[in-house]
Number of protein chains: 2
Amino acid sequence: MPRYKLTLEYDGTAFVGWQRQNNGFSVQQALEEAAGRLCQRPIAVHAAGRTDSGVHALGQVAHADLPRDLPGDKVRDALNAHLRPLPVAVLSAEEVPPSFHARFSAVERRYLYRISNRRAPLALDLDRAWWVPGALDAEAMAEAARVLLGRHDFSTFRAAECQAASPLRTLDELSVGRLGEDIHVVARARSFLHHQVRNMVGTLRRVGEGKWTAADLRRALEARDRSAGGQTAPACGLYLTGVGY
Amino acid sequence: MPRYKLTLEYDGTAFVGWQRQNNGFSVQQALEEAAGRLCQRPIAVHAAGRTDSGVHALGQVAHADLPRDLPGDKVRDALNAHLRPLPVAVLSAEEVPPSFHARFSAVERRYLYRISNRRAPLALDLDRAWWVPGALDAEAMAEAARVLLGRHDFSTFRAAECQAASPLRTLDELSVGRLGEDIHVVARARSFLHHQVRNMVGTLRRVGEGKWTAADLRRALEARDRSAGGQTAPACGLYLTGVGY
């Protein structure tokens with residue numbers, strides 16, 4: 001059975017997250033059901049990362065073994081036809097060697113976190129960005145973010161329910177920039193702890209508000225204690241933008 | 001009673017359009033109810049243009065006379081508090097002279113039409129752009145669009161239910177550009193006929209697909225007959241971006 005690599009876009013608002021749950025409809029279930037209808041048998045779909053409920057994807061990667069040898073473009077179009085009208089789209093499908101595994105072959109995950117920093121509430125970007133009405137200093141956030149670069153024990157930014165064996169991670173990029181009313185935080189690493197990006201963004205907010213300096217952020221990191229960090233930024237601002245192999 | 005000019009953003013998906021209707025909830029009703037709760041009496045709100053159901057606004061302008069003399073920023077924040085959780089936001093509110101009228105003082109309307117020209121269906125931009133999967137030549141569309149510039153009888157692009165006294169309009173801008181997968185059409189005029197922008201975009205699609213030349217578009221314009229034009233592009237791609245006074 002040929003293996004296909006699928007690149008996915010989805011609006012996380014409508015789902016309980018990537019992974020199948022008993023309490024609602026997941027992106028995984030949507031894709032497995034679409035593939036099942038295409039192939040007339042149960043199909044398992046594995047993703048690079050388990051995005052939480054409300055988290056969006058512009059470039060999630062998954063793989064599936066299909067019992068039909070179809071050109072990638074046919075697989076993409078057929079899955080999209082079976083996914084309608086759900087807000088999940090297969091951007092591309094390509095045949096890959098059986099050694100490829102969406103999760104275990106991945107060497108880099110890339111995320112974008114969108115903050116909308118304006119006085120008025122969000123209308124068109126409701127559920128698509130974190131609304132922070134008070135003024136944020138994006139340059140101060142960008143400068144402080146450098147404290148978190150490199151290899152550290154990220155326990156301060158780790159959710160209590162995180163199942164990773166170790167709190168050590170290597171953060172390769174954490175850049176902050178302003179685009180008009182939007183502040184974009186780009187994070188890149190081989191892998192992240194559960195809620196790590198959202199906890200880093202929630203903590204950087206304190207720096208943006210002028211309540212914390214970069215030195216405060218360093219002390220929080222070194223405390224290796226979740227209670228030393230800032231709030232968990234909401235899921236709606238987070239986008240999985242790509243996975244590197 | 002001071003008059004306030006309100007600049008509005010909204011997601012048109014949730015509404016039957018700007019104007020109050022018997023068959024659903026309108027943006028006008030949302031704002032009038034929010035203003036009514038703020039002022040404890042019925043308030044009328046008038047807009048520059050009556051956007052259709054599903055049409056979005058990034059810069060709709062409206063005015064209202066309020067029986068309380070409040071700073072503009074207070075009016076903005078209080079209306080936004082009363083609008084929650086609807087996808088309508090007051091971006092700014094400022095006191096204007098009583099001679100100001102959102103509709104009759106307007107000398108320019110600006111619209112953006114977003115086409116998403118890619119093979120995969122839309123997930124994050126569902127209801128926010130027109131999905132056209134077949135390849136479009138944006139340069140050919142841009143070149144042909146110049147045919148429509150200036151003062152013409154736009155009957156070919158006018159909805160049957162249009163209530164304007166004359167089909168003559170002066171189109172000051174109709175530019176087409178590609179940004180990756182997106183094709184943006186920007187239209188600017190003192191005023192537009194009903195469905196004029198959507199009918200022009202639907203007709204330009206024929207040019208983008210290579211089915212029509214600029215000369216075909218000119219013949220369609222000169223026919224002054226709706227049946228000579230192309231389809232009406234869907235509401236979800238249209239954004240009222242601004243109003244000039």
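Because the structure is predicted, anything quoted here is derived from the model rather than measured. Computed over heavy atoms, backbone and side chain alike; hydrogens, waters and symmetry mates excluded. Within every chain, numbering begins at 1; the chains are lettered A, B, ... in the order of the sequence lines, protein sequences first and strands thereafter.
Residues B:Arg118 and A:Leu91 are in side-chain contact: their nearest non-hydrogen atoms beyond the backbone lie under 4.5 Å apart.
Listed in order of number, the residues of residues 61-88 of chain B that approach chain A to under 4.5 Å between heavy atoms are B:Arg76, B:Asp77, B:Asn80, B:Pro85, B:Pro87, B:Val88. Annotation: residues 4-16 of chain B contacts chain A through B:Glu9, B:Tyr10, B:Asp11 [non-hydrogen atoms, separation under 4.5 Å]. Contacts with chain B (heavy atom to heavy atom, under 4.5 Å) involve these residues of residues 29-60 of chain A, listed by number: A:His56, A:Ala57, A:Leu58.
Residues forming a ring pair (Phe, Tyr, Trp, His ring centres under 6.0 Å) with B:Phe25 (at least two apart in sequence, or on another chain): none.
Atom CZ of B:Arg103 has 12 or fewer neighbouring heavy atoms from other residues, nucleotides or ligands inside a 6.0 Å radius. Crowding of B:Arg20 atom CZ: a count of heavy atoms from other residues, nucleotides or ligands under 6.0 Å exceeding 12. No more than 12 heavy-atom neighbours from other residues, nucleotides or ligands sit within 6.0 angstrom of CD on B:Glu139.
Listed here is the closest heavy atom pair of A:Arg128 and B:Leu124: NH2-O, 2.7 Å. The shortest non-hydrogen separation linking A:Ala89 to B:Ala123 is N-CB, 4.0 Å.
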